[in-house]
Novice: 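The structure under discussion is supplied below as structure tokens; questions concerning it will follow.
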Amino acid sequence: MEKRWVLASDCNDATINKIAEQLNIDRSLAQILVQRNICDFDQAKDFFRPDLDHLHDPFIMKDMDVAIARIETALANHEKILIYGDYDVDGTTSVALTYSFFSQFTKNIEYYIPDRYLEGYGISTAGIDYANENGFSLIIALDCGIKSIDKIDYANTLGVDFIVCDHHLPGDELPRAIAVLDPKRADCAYPFKELAGCGIGFKLAQAYAQKHQLPKDTYLQYLDLVMVSIAADIVPVVGENRILAYYGLKKLNSNPCEGLRALMEVSGKTENYNITDVVFTLGPRINAAGRIDHAKHAVAMLLCQVDGNALEQSELINLKNTERKTYDQDITREALALIGESDILINKKTTVVFNENWHKGVIGIVASRLTEKYYRPTIVLTKSNGHVAGSCRSVVGFDLYEALSGCADLLDQYGGHKFAAGLTMQQHNVDAFANKFEEIVSASITEELLTPMIRIDAEIELAQIDGKFYRILSQMGPFGPENMAPIFVTHNVYLAQHAMAVGQNHLKINIKQQNSPIFEGIAFGLAEFQNLLQPKVPFSVCYTLEENVWRDKKRLQLNIKGIKVN
């Protein structure tokens, strides 16, 4: 699919020159810093040297004092505490962190993860009944609860108190819990609004340790779990998240908890993790537990203290991930066939596909795959518990949630944000919904939005790239949303030798410019350019820079995102 190359807008030349001079770095790297609102020496120092001392005081968060007071009362009175969390990576890491931390102070503590298929997302009646029937008087809910108004009202009638630790956008009404910790609530002065759910659990632990003057390691030991949640939940890797991710990666690569260590071992990658590795290696495996079986297995693995037990749990989860891949591949193939066999579906501005036999646990992954293929708002539907459940994905720049709001009369419920959402409806509404969704999207989406975009940070010459350039560039990490790995464009490059197709539709090339060294490049999914690239014919490439390690030897490599032949 043809992609738009969009070069970042110009920045103030004087500011770029000043940063380049103050830091003694390449002007193109200074330009990238200014694009990311790093415009003076002090800001650059904070950016390049993340510092745990710059974490915000947790007691700035609205209701934190109330939450800590209620937990102190529960501990003093030997009340039973239930740690409740969602079944995805953010939820399971949140539960593992909070359960582990407070287990240091009480034995009257358990954890609860709802069954994805029997209870669904968020606080469930079954979970509250479990707490009530088993004598739990306090539930600490993580990564969910901010919209569970009725459920928490029900818990209140039973005398079960809630502390809600969530990071999702609240509705017009807050739940009537003892405390509601959510930086996104309108009356919360906490300066960083984009913590993951596990980040809220971390702040709760930090607050308790701070009030009781406990050593910092009582909560900093969980930084690897916080980092995994930040990576997997696709939250912005800026501000406080960047500090947490930076030190979390250090811990993962040096001294991870036994559960993560075992999971790294069964995944086949045991060192040199970055955020992308976590997203594509550890995240899917932890998620697979809840998608295919029950997410309590993921928490059990993360809580393991002994090598052997952790390895056993991680092998179980790895097996679930293999099973998840099979479902994913089979359903994606069936969905692509449905679209490919229908001229009507191919020519729409949206994709809505339904099969009542598809596995609900992977339809979100399939929706992402279809979006990659056809690049348009996509919804994958299947039958679940007597109704139709759907997972939705959007394209950059189009507000999916708003489009779903226009179809609300046909939906039982829906929730999410601009780029991803979930929904349920009655089966008899499927066709009407697909038609209305297409109508709403078609009326507002532009052809430009339906064309994938590569956002380019800077135009450079190959000769600018050397060891110092890459060293400074790598210190801009960890990379993630709002601090993505910079993409460069270089024009008028030439093949140094013939292009070679490798693997499944990939391309390996060596390129050069006048007065530059030869650089190796790998272009995933771009093998169609093999015959278009000829010696002495100039072309342009856009790419990220990475270090390729092979047999303990490191060399710079261009990870090529796009090619244009002049």
Novice: With sequence neighbours left out, what residues match F280 under ring-ring contact (aromatic ring centres under 6.0 Å, His included)?
Specialist: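 Partners of F280 by the ring-ring contact (aromatic ring centres under 6.0 Å, His included) criterion come out as none, since no residue qualifies.
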Novice: Keeping the roles fixed (side chain from N241, backbone from I230), state whether a donor-acceptor pair exists under 3.5 Å.
Specialist: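 Side chain of N241 to backbone of I230, a donor-acceptor pair under 3.5 Å: no, none is there.
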Novice: What's the verdict on side-chain contact (heavy atoms from CB on, under 4.5 Å) for I200 and L142, showing C-alpha distance, side-chain angles and the deciding distance?
Specialist: CA-CA 8 Å; I200 309 294; L142 296 132; 5.6 Å; no
Novice: Just say parallel, tilted or perpendicular for the rings of H297 and H294, cut-offs at 30° and 60°.
Specialist: perpendicular
Novice: Quick one about T332 and D328 (side-chain donor to acceptor, distance below 3.5 Å, no hydrogens or angles considered), yes or no?
Specialist: yes
Novice: Determine yes or no for a side-chain-to-main-chain donor-acceptor pair under 3.5 angstrom, with R242 supplying the side chain and F47 the backbone.
Specialist: yes
Novice: Do V441 and F398 have side chains that get closer than 4.5 Å, going by heavy atoms?
Specialist: yes
Novice: Hydrogens and angles aside, do E119 and Y87 bring a side-chain donor and acceptor to less than 3.5 Å of each other?
Specialist: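 No pair is found: no donor N or O on one side chain lies under 3.5 Å from an acceptor on the other.
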Novice: Are E520 and I522 packed together at the side-chain level, in the sense that at least one heavy-atom pair is separated by less than 4.5 angstrom?
Specialist: no
Novice: Above 12 or not: heavy atoms from other molecules or residues under 6.0 Å from CD of E547?
Specialist: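 Enclosed: over 12 neighbouring heavy atoms sit under 6.0 Å from CD of E547.
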Novice: Give a yes-or-no answer on whether the side chains of R393 and S368 include a donor-acceptor pair shorter than 3.5 Å.
Specialist: yes
Novice: Once you round to the nearest 0.5 Å, how far does CD1 of I440 lie from CD1 of I445?
Specialist: 12.5 Å
Novice: Should we count NZ of K250 as having more than 12 external heavy atoms under 6.0 Å?
Specialist: no
Novice: So, taking the atom named OG in S148 and the one named OH in Y84, what distance separates them when rounded to the nearest 0.5 Å?
Specialist: 7.5 Å
Novice: Is the shortest heavy-atom distance from the side chain of D431 to the side chain of F354 under 4.5 Å?
Specialist: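 The answer is no, as the side chains (C-beta and beyond) never meet within the 4.5 Å cut-off.
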Novice: Just wondering, are more than 12 heavy atoms of other shown residues or ligands nearer than 6.0 Å to CZ in R455?
Specialist: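 No.
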Novice: Salt bridge check, K436 against E439: does any charged N sit closer than 4.0 Å to a carboxylate O?
Specialist: no
Novice: Could you tell me if the side chain of F433 sits less than 4.5 Å from the side chain of V388, heavy atoms only?
Specialist: no
Novice: How long is the straight-line distance from CG of L260 back to CG of D224, given to the nearest 0.5 Å?
Specialist: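 If we round to the nearest 0.5 Å, D224:CG and L260:CG are 5.5 Å apart.
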Novice: Side-chain contact test, heavy atoms from C-beta onward, threshold under 4.5 Å: evaluate it for L181 versus Y190 and give yes or no.
Specialist: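 No. Closest side-chain heavy atoms not under 4.5 Å.
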Novice: Any donor-acceptor pair under 3.5 Å linking the side chain of D457 with the backbone of I487?
Specialist: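 At least one qualifying donor-acceptor pair exists.
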Novice: Just checking, any donor-acceptor pair under 3.5 angstrom between side chains of T98 and Y111?
Specialist: no
Novice: Would you call E447-K349 a salt bridge at under 4.0 Å N-O?
Specialist: yes
Novice: Ignoring hydrogens and angles, tell me if any N or O in the side chain of T92 forms a donor-acceptor pair with the backbone of V89 under 3.5 Å.
Specialist: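 Here the side-chain-to-backbone pair exists.
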Novice: So, K184 side chain and H167 main chain: donor-acceptor pair closer than 3.5 Å or not?
Specialist: yes
Novice: Can you see which heavy atom on T544 is nearest to which on A485, and at what distance?
Specialist: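 Between these two residues, the closest heavy atoms are CG2-O, 4.0 Å.
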Novice: How long is the gap from CZ on R116 to CD1 on I292, to the nearest 0.5 Å?
Specialist: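 Spacing of CZ (R116) from CD1 (I292) equals 9.0 Å.
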Novice: Is it the case that over 12 heavy atoms from other parts of the model lie below 6.0 angstrom from the NZ atom of K296?
Specialist: no
Novice: Got a donor-acceptor contact below 3.5 angstrom from the D90 side chain to the A196 backbone?
Specialist: no
Novice: Kindly check if the number of other-residue, nucleotide or ligand heavy atoms within 6.0 Å of CG (D412) is above 12?
Specialist: yes
Novice: Do the side chain of H387 and the main chain of M425 share a donor and acceptor less than 3.5 angstrom apart?
Specialist: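 Not confirmed, H387 side chain does not pair with M425 backbone.
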Novice: Hey, mind stepping through L507 and I563 against side-chain contact (heavy atoms from CB on, under 4.5 Å) and telling me if it holds?
Specialist: CA-CA 11 Å; L507 190 68; I563 299 172; 4.2 Å; yes
Novice: Please step through side-chain contact (heavy atoms from CB on, under 4.5 Å) for the pair D330 and R333, ending with a clear verdict.
Specialist: CA-CA 5 Å; D330 290 347; R333 187 165 52 248; 2.6 Å; yes
Novice: Does any N or O in the side chain of E438 come within less than 3.5 Å of the main-chain N or O of T350, such that one atom is a donor and the other an acceptor?
Specialist: yes
Novice: Enter the distance from N318:CG to R324:CZ here, rounded to the nearest 0.5 Å.
Specialist: 10.5 Å
Novice: Might you work through the side-chain contact (heavy atoms from CB on, under 4.5 Å) test for D143 and C198, ending with a clear yes or no?
Specialist: CA-CA 7 Å; D143 192 35; C198 190; over 6 Å; no
Novice: Give me the ring orientation class for H359 and Y327: parallel if the planes are under 30° apart, tilted from 30 to 60°, perpendicular past 60°.
Specialist: tilted
Novice: Does K554 use its side chain to pair, donor to acceptor, with the backbone of L556 at less than 3.5 Å?
Specialist: no
Novice: Verify whether one side chain among Y414 and S405 offers a donor that lies under 3.5 Å from an acceptor in the other.
Specialist: yes
Novice: What heavy-atom pair brings A231 and I275 nearest, and what distance separates the two atoms?
Specialist: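 The pair with the smallest heavy-atom distance is CB-CG2, 3.9 Å.
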Novice: Check for a donor-acceptor pair, side chain of R4 on one end and backbone N or O of E448 on the other, with a separation under 3.5 Å.
Specialist: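 Yes, R4 side chain to E448 backbone: donor-acceptor pair under 3.5 Å.
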Novice: What pair of heavy atoms forms the shortest contact from F437 to V352, and how long is it?
Specialist: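 What the structure gives for the nearest pair is CD2-CG2, 3.8 Å.
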